[in-house]
There are 2 protein chains.
Amino acid sequence: MVLVVILKALADENRLRILNLLRKGELCVCEIEAILEITQSNASRHLNKLKNAGIITYEKKSQWVYYKINETFVKDNALLFDYLNNYMDNNSQFLKDLQRLKEYKNNRITCA
Amino acid sequence: MVLVVILKALADENRLRILNLLRKGELCVCEIEAILEITQSNASRHLNKLKNAGIITYEKKSQWVYYKINETFVKDNALLFDYLNNYMDNNSQFLKDLQRLKEYKNNRITCA
DNA sequence: ATAATATATGAGTGTAATCGAATATAATCA
DNA sequence: TGATTATATTCGATTACACTCATATATTAT
């Protein structure tokens, strides 16, 4: 069932933290690794799971793979997406991650 | 993280099917067993998981335990609940279960 | 008191999911 | 070409999950 696949993909703290970051725009794998302090293989795996559920899409640009939220998914699951948005905007863990994202973006232009 | 607990509790087909039935009102364990054709221990365990996530509550009435959706959860997670409601109202599997619920209610007053 | 019914839970099993470390692959750069 | 970087994937270990069968507990009915 599609709904189960979506909910399973969302039901993981690391994947929710990734999604939280992607709300602010596309990111490559190594940026996600650095900001969330998770291993490379883990980041890649979680992104793959979100992609397989249709929640995010990716685009390869030279050696980097940029992941972003799938706008079709957002349209098709607007209420769910609004719920997550609202939850993340009011949760300290997610806000902390967004702060780290901002610092990361201010300090570095490229990856690693 | 509370959100992960909620999403994990929802990320299972049997539990979603139970929740779908409970949208129409409270039910005891043996009614759920019969309508969804799942084993008694399975029904009980899934209900327990939904209860631990705060999604449902229960009330013991003589030998029966009636489970129902937790109105506080609905208020606190309105967008998520609306999303699920909408999804279930448009999914044939869930609609089929509701049909079975209706037939069950028409044919029997008590449990088993 | 005994039997029957409703529910919860323990034990065991098989399968899913998660993770880190290592390796494979592809692209870039010197 | 050879070294470096970014990403995906494989492997092995560990843990979590869902399920069935059997048992325990509580309540009701006879």
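As the structure is a computational prediction, the values presented were derived from the model and not from experiment. Order of the sequence lines fixes the chain letters, A, B, ..., with proteins taken first and strands second; residue numbering starts at 1 for each chain.
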Residues in side chain to side chain donor-acceptor pair (under 3.5 Å) contact with B:N77, at least two apart in sequence or another chain:
A:Y83
What is the distance, rounded to the nearest whole Å, between atom CD of B:E37 and atom C1' of D:dC19?
17 Å
Mind calculating the distance between CD1 (B:I38) and C1' (D:dC17) to the nearest angstrom?
15 Å
Check the distance between D:dT15's P and A:E13's CD and give it to me in whole angstrom.
19 Å
What's the closest nucleotide to the side chain of A:Q40 if the choices are C:dA6, C:dA8, D:dT7?
D:dT7
Excluding sequence neighbours, so at least two apart, what forms side chain to side chain contact (heavy atoms under 4.5 Å, CB included) with B:T72?
B:N70, B:D76
Kindly label the base of C:dA16 as syn or anti, based on whether its glycosidic torsion lies within 90° of 0.
syn
Atom NE2 in A:H46, atom CG in A:L50: separation rounded to 0.5 Å?
8.5 Å
Quick tally for nucleotides 24-30 of chain C: nucleotides whose base has a protein heavy atom under 4.0 Å get B, sugar-phosphate-only ones S, the rest -, giving ---SS--
B:A53: partners by side chain to side chain contact (heavy atoms under 4.5 Å, CB included), with sequence neighbours left out
B:V5, B:A9, B:I55
Side chain A:Y87, main chain B:L3, donor-acceptor under 3.5 Å
yes
Mind checking what makes salt bridge (charged side-chain N to carboxylate O under 4.0 Å, His left out) contact with A:E59, not counting sequence neighbours?
A:K68
Bend angle of the helix from C:dA17-D:dT14 to C:dA30-D:dT1, from helix axes over five pairs at each end, nearest 10°
10°
A:F73 CZ: over 12 foreign heavy atoms closer than 6.0 Å:
yes
Going 5' to 3' along nucleotides 10-19 of chain C, which nucleotides have protein heavy atoms under 4.0 Å from the base (write B), which only from the sugar-phosphate (write S), and which from neither (write -)?
BB-----SSB
Does any N or O in the side chain of A:R100 come within less than 3.5 Å of the main-chain N or O of A:I35, such that one atom is a donor and the other an acceptor?
yes
Where along residues 17-26 of chain B does a heavy atom fall under 4.0 Å from DNA chain C?
none
Rounding to an integer number of Å, can you tell me how far A:I56 CD1 sits from D:dT7 P?
13 Å
Mate of C:dG12 where both pairing distances stay under 3.5 Å, Watson-Crick or G-U
D:dC19
Measure CE/A:M1 against P/D:dA18 and give the value in whole Å, please.
14 Å
Non-neighbouring partners of A:S41 that pass side chain to side chain donor-acceptor pair (under 3.5 Å), sequence neighbours left out
A:R45
Taking side chain to side chain contact (heavy atoms under 4.5 Å, CB included) as the definition, give me every residue that meets it alongside B:N52, ordered by chain and number, with sequence neighbours left out.
B:N48
Is it the case that atom OH in B:Y58 sees more than 12 heavy atoms from other parts of the structure closer than 6.0 Å?
no
Is there side-chain contact between A:Y66 and A:E31, with heavy atoms separated by less than 4.5 Å?
yes
Can you tell me the distance, in whole Å, between the CG atom of A:L7 and the P atom of D:dA18?
13 Å
Determine the contact category for B:Y67: base if any of its heavy atoms lies under 4.0 Å from a base atom, sugar-phosphate if only primed atoms, P, OP1 or OP2 are that close, otherwise nothing.
sugar-phosphate
Starting at atom OH of A:Y66, determine the distance to atom C1' of D:dA6, rounded to an integer number of angstrom.
11 Å
Can you tell me the distance, in whole Å, between the CD atom of B:E31 and the P atom of C:dT5?
16 Å
Cut-off 3.5 Å, no hydrogens considered: what does the side-chain donor-acceptor table look like for residues 17-30 of chain B, sequence neighbours left out?
unit_1: B:R17; atom_1: NE; unit_2: B:D97; atom_2: OD2; d: 2.7
unit_1: B:R17; atom_1: NH2; unit_2: B:D97; atom_2: OD1; d: 3.0
unit_1: B:R17; atom_1: NH2; unit_2: B:D97; atom_2: OD2; d: 3.4
unit_1: B:N20; atom_1: OD1; unit_2: B:R23; atom_2: NE; d: 3.3
unit_1: B:N20; atom_1: OD1; unit_2: B:R23; atom_2: NH2; d: 2.8
unit_1: B:N20; atom_1: ND2; unit_2: B:F94; atom_2: O; d: 2.9
unit_1: B:R23; atom_1: NH1; unit_2: B:N85; atom_2: O; d: 3.4
unit_1: B:R23; atom_1: NH1; unit_2: B:N85; atom_2: OD1; d: 2.7
unit_1: B:R23; atom_1: NH1; unit_2: B:D89; atom_2: OD1; d: 3.1
unit_1: B:R23; atom_1: NH2; unit_2: B:D89; atom_2: OD1; d: 3.2
unit_1: B:E26; atom_1: OE2; unit_2: B:K61; atom_2: NZ; d: 2.7

Just to verify, what does B:S92 make a side chain to side chain contact (heavy atoms under 4.5 Å, CB included) with, not counting sequence neighbours?
none
